[in-house]
Amino acid sequence: MKVVLPDNSELELPDGATGRDAAAAIGPKLAEQAVLVRSDGHVQDLRLPLQDGQKIQILTTRDKDDPDALYVLRHSTAHLLAEAVRRLYPGVKIAIGPPIENGFYYDFDFPEPISEADLERIEAELLREIAEGREWNREEVSREEARRRFEAEDEPYKVELVDTADGDISFYTQGDFTDLCRGPHLQNAAPIKAVKLTGLAGAYWRGDEHNKQLTRIYGTAFYDQADLDAYLERLEQARERDHRRLGTQLDLFHLSEHSPGSPFWHPKGMVIWNELEELRRRENQRRSYLEVKTPLLYDIDTYVTSGHYDNYAENMFFVEQHEDEKRLALKPMNCPGHMLLFGSQLRSYRQLPMRFAESSTLHRDEPSGTLHGLLRVKHITQDDAHIFCAPDQIEDEIFACLDFASYLYDLFGMEARFELSTRPEKKLGTDEEWDFTESALRNALDRRGIDYLVHEGDGAFYGPKIDLHMTDVLGRSWQMGTIQLDSQMPARFQLAYMGADNQEHTPYVIHRALLGSLERFIGILIEHYGGEFPFWLAPVQLLVLPVGADHRGAAHALADRLREPGYRIEVDERDDTVDKRIRDAELEKIPYVIVYGDRESDASLAIRERHGAQSTKSLDELLKDLATL
RNA sequence: GCCGACGUAGCUCAGCUGGUAGAGCACUUCACUCGUAAUGAAGGGGUCCCCGGUUCGAGUCCGGGCGUCGGCUCCA
């Protein structure tokens, strides 16, 4: 048989030859360094036979940055971790240990809890294994055989995995440790040149909080110590951009135990907030949204009608009342208020689509342990809107929302990921209704030319949705905007509009927030820009820096001239050196510094941009240039 | 909510096996009046997260609570 190599040459091999045989046929060095076979984008274990005519690429330890090569390396390291843990902690049960982005983990059920201090000795044991040398052997076994072996070893999690695994079952063995695994794996442990155990966490078996919580050990591995060092260095740099750090450094906001999950916005942070609010208001207005304001508190009956009382009560804040008063709760979402507003008058089909926009404050009592800087808060302000429309208007309205969202994210140079979630198992409405609403969303996405992921079964019980996701500086994904189609809530509130047929009809409603919560959006925005906001968002846009005390008067006069058209400008007349004040302006990430001394006049200003680029401009030129930003 | 860690000056952090708290930056004052990333000196500043316990004595040890961080689950 023949296989095709990356340069399109053909390699003649005996029938049944494996990837390793192919590597050996090419050269002994390649055979030694090979880590896996890649074929049409799929990874394949070196130990598996090749097919006649198969196109193959043999990855080696030299492909040290290749994601597939790293994946295999880390997968094998996870097995070594399990071997080490089992040796050090008799009675431990092993669960599952896959490679993940940037590393791997393995889940264990320890007889006694362990703490981070244990990681050190586990890591030492793991390194010892590598130094000692390990080779992996692959074998295929029957389901019965696999089950028998894990039962004999008293590994209940593995037994469960065998029972639910589909396809053939394979085992990988290194040293005296055998694990159920699909592979592929390294030939031996020699290529693992750098390992670090990075963390310890609880994780529910099979990701279900009703199951037992296991102990997860995270780690990472590389083909080269320098790559591990570089990775840790990158992590350190990412922390520099963390919005929590920058929020303090740039004096934008702070969080306090006096009100967990509710940011205190400082004057400079508020500038960004207000600019976003202005953007929201202006763009909503351009798209015929109608701004409204609805109450923060509602009686329980309202939440019973909306369904929040039954489905969301544990996330809501209830207000203590005098005994003779109605019980009230803070709104966790704007929809009930907008339903009541729509229902307060008789509506005609001629008014549809009717788009109510509001960005008032929402409160959600998030589970402790889930709060996270600005990215997960209890005090939420969405750029929210509810669009009431007739069935034949849904697709166009969804399209317009998608278009609007793309406009906003483009404005910031952000790339959001779009994700469509379809009907869940527990749902209201018929399959025909879901067919109709899901296809409206898909059509709108396709028409707008948006690539999207599909999460089958992840929709809300009342309708399908499209979510927008962004990634924070540490690689974690956060939901930003959401566009949800709902046929249930209008009916629950008995909303109706008079149709052309003089009959009452129930409108559909689209719940949509595009930036999502302003708190979260600003958090992501801070990290996106690393604190270096574009001119229009910068809390302080220009700083005038008088060289000596004699120049203070002129500096203030200049600042007044620039403040007039609305620019945010400050004068730094502290008794410090120019160097010192330049440095502070740089740390504050102010876009423009104007140094003003004996050499300057309105006809000739010394402008310094962030990072040091200098130029000379007249005041008129400067004003003209700023107007284009 | 769950697992693990952490909580010391405005910020970043040090404080060994228990003996009554420290640095850098920031702040104030003084001198210097300065040309594109830190001028020098002096000074002020702390219920060591909270409550309880052990102890002659707790920032340090133990228990509980609150908050934060890394994950899990859940969510914008």
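Numbered from 1 within each chain, the chains take letters A, B, ... in sequence-line order.
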On the nucleotide B:rA37, are OP1 or OP2 found under 4.0 Å from the side-chain N or O atoms that A:R608 carries? yes

Could you tell me how far [M] sits from [N] if I compare only their [atom1] atoms? Round to whole Å.
N	M	atom1	value
B:rG15	B:rC49	P	15 Å
B:rU29	B:rG67	C1'	37 Å
B:rA37	B:rG70	C1'	34 Å
B:rU17	B:rC72	C1'	37 Å
B:rC16	B:rA76	C1'	47 Å
B:rC30	B:rU36	P	27 Å
B:rU33	B:rG40	P	16 Å
B:rG18	B:rG57	C1'	8 Å

Spacing of CZ belonging to A:R512 relative to CG belonging to A:L402, to within rounding of 0.5 Å: 11.0 Å

Any strand counts, and the cut-off is 3.5 Å on both contacts for Watson-Crick or G-U wobble. Which nucleotide pairs with [N]?
N	result
B:rC32	none
B:rG10	B:rC25
B:rU47	none
B:rU54	none
B:rC16	none
B:rU68	B:rA5
B:rC74	none

Between [Y] and [X], is the closest basic N to carboxylate O distance under 4.0 Å?
X	Y	value
A:E519	A:K378	no
A:E291	A:R355	no
A:E155	A:R86	yes
A:R583	A:D579	no
A:E570	A:R581	no

Whole-Å distance separating the [atom1] atom of [X] from the [atom2] atom of [N]:
X	N	atom1	atom2	result
A:I582	B:rU36	CD1	P	8 Å
A:L246	B:rU12	CG	P	12 Å
A:E588	B:rC11	CD	P	17 Å
A:D572	B:rU36	CG	P	16 Å

In B/S/- notation, 5' to 3', how is nucleotides 24-35 of chain B contacted by protein heavy atoms closer than 4.0 Å? --S-----BBBB

Using a cut-off of 4.0 Å between protein heavy atoms and nucleotide atoms, how would you tag nucleotides 62-76 of chain B 5' to 3' with B, S and -? -----SSSBBBBBBB

Count the heavy atoms belonging to other residues, nucleotides or ligands that lie under 6.0 Å from CZ of A:R610, then report whether that count exceeds 12. yes

Contacts of type side-chain contact (heavy atoms from CB on, under 4.5 Å), residue A:R241, not counting sequence neighbours: A:V473

Ring centroid separation for A:F535 and A:Y567, is it under 6.0 angstrom? yes

Relative to each other, are the rings of A:Y231 and A:F222 parallel, tilted or perpendicular (30° and 60° limits)? tilted

